[in-house]
Amino acid sequence: MGLLGMTMMIRVTVALIVLLSVMGVNVKAMGIAQLRQAAAKNNVTCILVFGDSSVDPGNNNRIVTPNKGNFPPYGKDFLNGLPSGRFTNGRLPTDFIAEALGYEKIIRGFLEPQLKKEDLLHGVSFASAGSGYDDLTANLSVVFSVSQQLNYLRHYKIHLRQLVGEKKADEIITNAIFLLSMGTNDFLQNYYVEPTRSSNFTVEEYQHYLISCMDRDIREMHRVGARRVVVVGVPPFGCFPLMKTLRDETKCDNDLNQVALSFNSKIKEKLASLKASLGMKNTYVDIYNVILTAIQYPERYGFTETIKGCCGSGTIEYGDTCKGMSTCADPTKYVYWDAVHPTETMYKIIADEALNSLGDTMF
């Protein structure tokens, strides 16, 4: 079901990142027209997304896996009021980014039957709910690993060349923003649950292993043509309603949050190294503090519920266990939609906050 779902906000960050960096001004002072103009000025062609449920618009609908969100109450507030496979009540951060950049209101999954040829020009998501940097994480959840997502990227490039020609296709990929949003599942659905990694690695060693996987994936993206990369950090997963329930705590689990913080610091260090060795423009998105701030100061965002999710009891349900459950009366007052994933409202806040906090690092 992709506990990583939280990393979702990553997408939001992406587009906004572009514009913010380009203009170097407060995005709130800019209108949609200016954002689109900034993106066009810097030749931003599309968004190519990799990761877990935080950015999976429904790719898992096409495979045999229990990690799906294509049933009610998921999608309750989506554009057509129907479930799409997104693990939330509405849109994902990436969808908001696509709209801000002047494409469509949603980013489609690469495996989506409704995907049109023109959709390829604006970018797609290869993400698979339940996945992670560690291929074992995806194997345990029976979903697409990042290695498999990269294979689909190669297929995407072939389709793109058939559509616009080799030269134009290469330009589109070179000017695209490659966004990675994952990591939570590696800890919560792999390391802390299965003995394979925990018996061979300390938490610190496993973090380094995950960073080596991320390094490998970004280098492969570079070989395919990527020159702009955005990596979203992991959220404060010690604050997930599910984790607090499992650990019988009412407050965020500090030990888990410290693991998240430590891993995020390593992501930033690796990105600095990759920039030096590959010359790639990259940006780190700090969703940890955006989400934690919303939890600690809910009144700033109009939230009244930060402890539990909107689906079912809000303490344990996510994915299959959320299926057919009743929901809260007003999801806009909740940080979490289920016991793991944020509401559409939180996703939007993450996007807006990301825009205002990012510096000019992409161009």
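Using a 4.5 Å cut-off on side-chain heavy atoms (C-beta onward), L271 and V231 make contact. Residues F78 and S84 form a side-chain contact, since some pair of their non-hydrogen atoms from C-beta on lies under 4.5 Å apart. Within the 4.5 Å cutoff, side-chain heavy atoms of V259 are placed close to those of Q207. V64 places none of its side-chain heavy atoms less than 4.5 Å from the side chain of V142. For the pair M221/L180, a side-chain contact is recorded, criterion being any heavy-atom separation below 4.5 Å from C-beta on. Here the side chains of R227 and F178 are not in contact, with every heavy-atom distance at 4.5 Å or above.
Taking H222 as the reference, nothing meets the ring-ring contact (aromatic ring centres under 6.0 Å, His included) condition, with sequence neighbours excluded. Judged as a ring-ring contact (aromatic ring centres under 6.0 Å, His included), and not counting sequence neighbours, the contacts of F187 are Y206, F237, F263.
Cluster annotation: L150 is not connected to L136 through the hydrophobic network of ILVMFWY side chains, with a link wherever side-chain heavy atoms come within less than 4.5 Å. A chain of hydrophobic side-chain contacts below 4.5 Å, direct or via other Ile, Leu, Val, Met, Phe, Trp or Tyr residues, connects L274 to V230. Under the 4.5 Å side-chain heavy-atom criterion for grouping Ile, Leu, Val, Met, Phe, Trp and Tyr, F110 is connected to L121 within one hydrophobic cluster. Under the 4.5 Å side-chain contact rule for hydrophobic residues, I267 and M280 share a cluster. Hydrophobic clustering (side-chain heavy atoms under 4.5 Å, transitive across Ile, Leu, Val, Met, Phe, Trp, Tyr) groups V224 together with M214.
Here the side chain of D217 pairs no donor or acceptor atom with the backbone of V146 at under 3.5 angstrom. Counting only distance, with no hydrogens or angles, the side chain of E317 and the backbone of S313 share a donor-acceptor pair below 3.5 Å. Under a 3.5 Å cut-off, the side chain of E205 and the backbone N or O of T202 do form a donor-acceptor pair. S199 contributes a side-chain N or O that, together with a main-chain N or O of T196, makes up a donor-acceptor pair within less than 3.5 Å.
Heavy-atom minimum distance, N59 versus L111: OD1-N, 3.1 Å. Across D135 and S145, no two heavy atoms sit closer than the pair OD1-CB, 3.4 Å.
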Run the side-chain contact (heavy atoms from CB on, under 4.5 Å) check on T315 and L242 step by step: do they pass?
CA-CA 5 Å; T315 58; L242 176 64; over 6 Å; no
Step by step, work out the salt bridge (charged side-chain N to carboxylate O under 4.0 Å, His left out) result for E269 and K266.
CA-CA 5 Å; E269 291 173 4; K266 292 177 176 60; over 6 Å; no
What do the steps show when you test E99 against R91 for salt bridge (charged side-chain N to carboxylate O under 4.0 Å, His left out), and what is the final call?
CA-CA 11 Å; E99 183 176 28; R91 290 191 284 171; 2.9 Å; yes
Between C46 and I172, is the side-chain contact (heavy atoms from CB on, under 4.5 Å) condition met? List the steps.
CA-CA 7 Å; C46 64; I172 289 174; 3.9 Å; yes
Can you list the steps and then say if D320 with K68 is a salt bridge (charged side-chain N to carboxylate O under 4.0 Å, His left out)?
CA-CA 7 Å; D320 274 350; K68 297 184 179 183; over 6 Å; no
For side-chain contact (heavy atoms from CB on, under 4.5 Å), just list the numbers for D170 and E166, CA-CA rounded to whole Å, side-chain angles, deciding distance to a tenth of an Å, and then say yes or no.
CA-CA 6 Å; D170 290 346; E166 183 174 346; 3.8 Å; yes
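One distance of note links CG of L48 with CD of Q149; it measures 12.0 Å at 0.5 Å rounding. Note that CD1 of I107 is 8.5 Å distant from CG of D119, once rounded to the nearest 0.5 Å. Here the straight-line distance linking atom CG of N254 with atom CG of N257 works out to 6.5 Å at 0.5 Å rounding. One finds the CE atom of M346 at 7.5 Å from the OG1 atom of T343 (value rounded to the nearest 0.5 Å). Here the CD1-OH distance, from I307 to Y334, works out to 10.5 Å after rounding to the nearest 0.5 Å. Distance CH2/W337 to OG1/T88: 7.5 Å, rounded to 0.5 Å.
A donor-acceptor pair shorter than 3.5 Å can be found between the side chains of S128 and N60. Between the side chains of D134 and N190, at least one donor N or O lies within less than 3.5 Å of an accepting N or O. For the 3.5 Å distance criterion, the side chains of N175 and T45 fail to qualify, holding no donor opposite an acceptor.
Seen from the ring of F303, K333 does not count as a face-on cation partner, given the 6.0 Å and 45° thresholds. For R197 and F201, the positive end is not near the middle of the six-membered ring at less than 6.0 Å and at most 45° from its axis.
The aromatic rings of F126 and Y156 sit perpendicular, their planes meeting at an angle over 60°, well past the 30° parallel limit.
Ring centroids of F87 and Y74 are separated by less than 6.0 Å, placing the two rings close together. Proximity of the aromatic rings of F144 and Y152 is defined here by a centroid distance below 6.0 angstrom, and this criterion is met.
Residue pairs satisfying the side-chain hydrogen bond (donor to acceptor under 3.5 Å, both in side chains) criterion with at least one member in residues 240-249, sequence neighbours excluded, are listed as follows: R247-D253.
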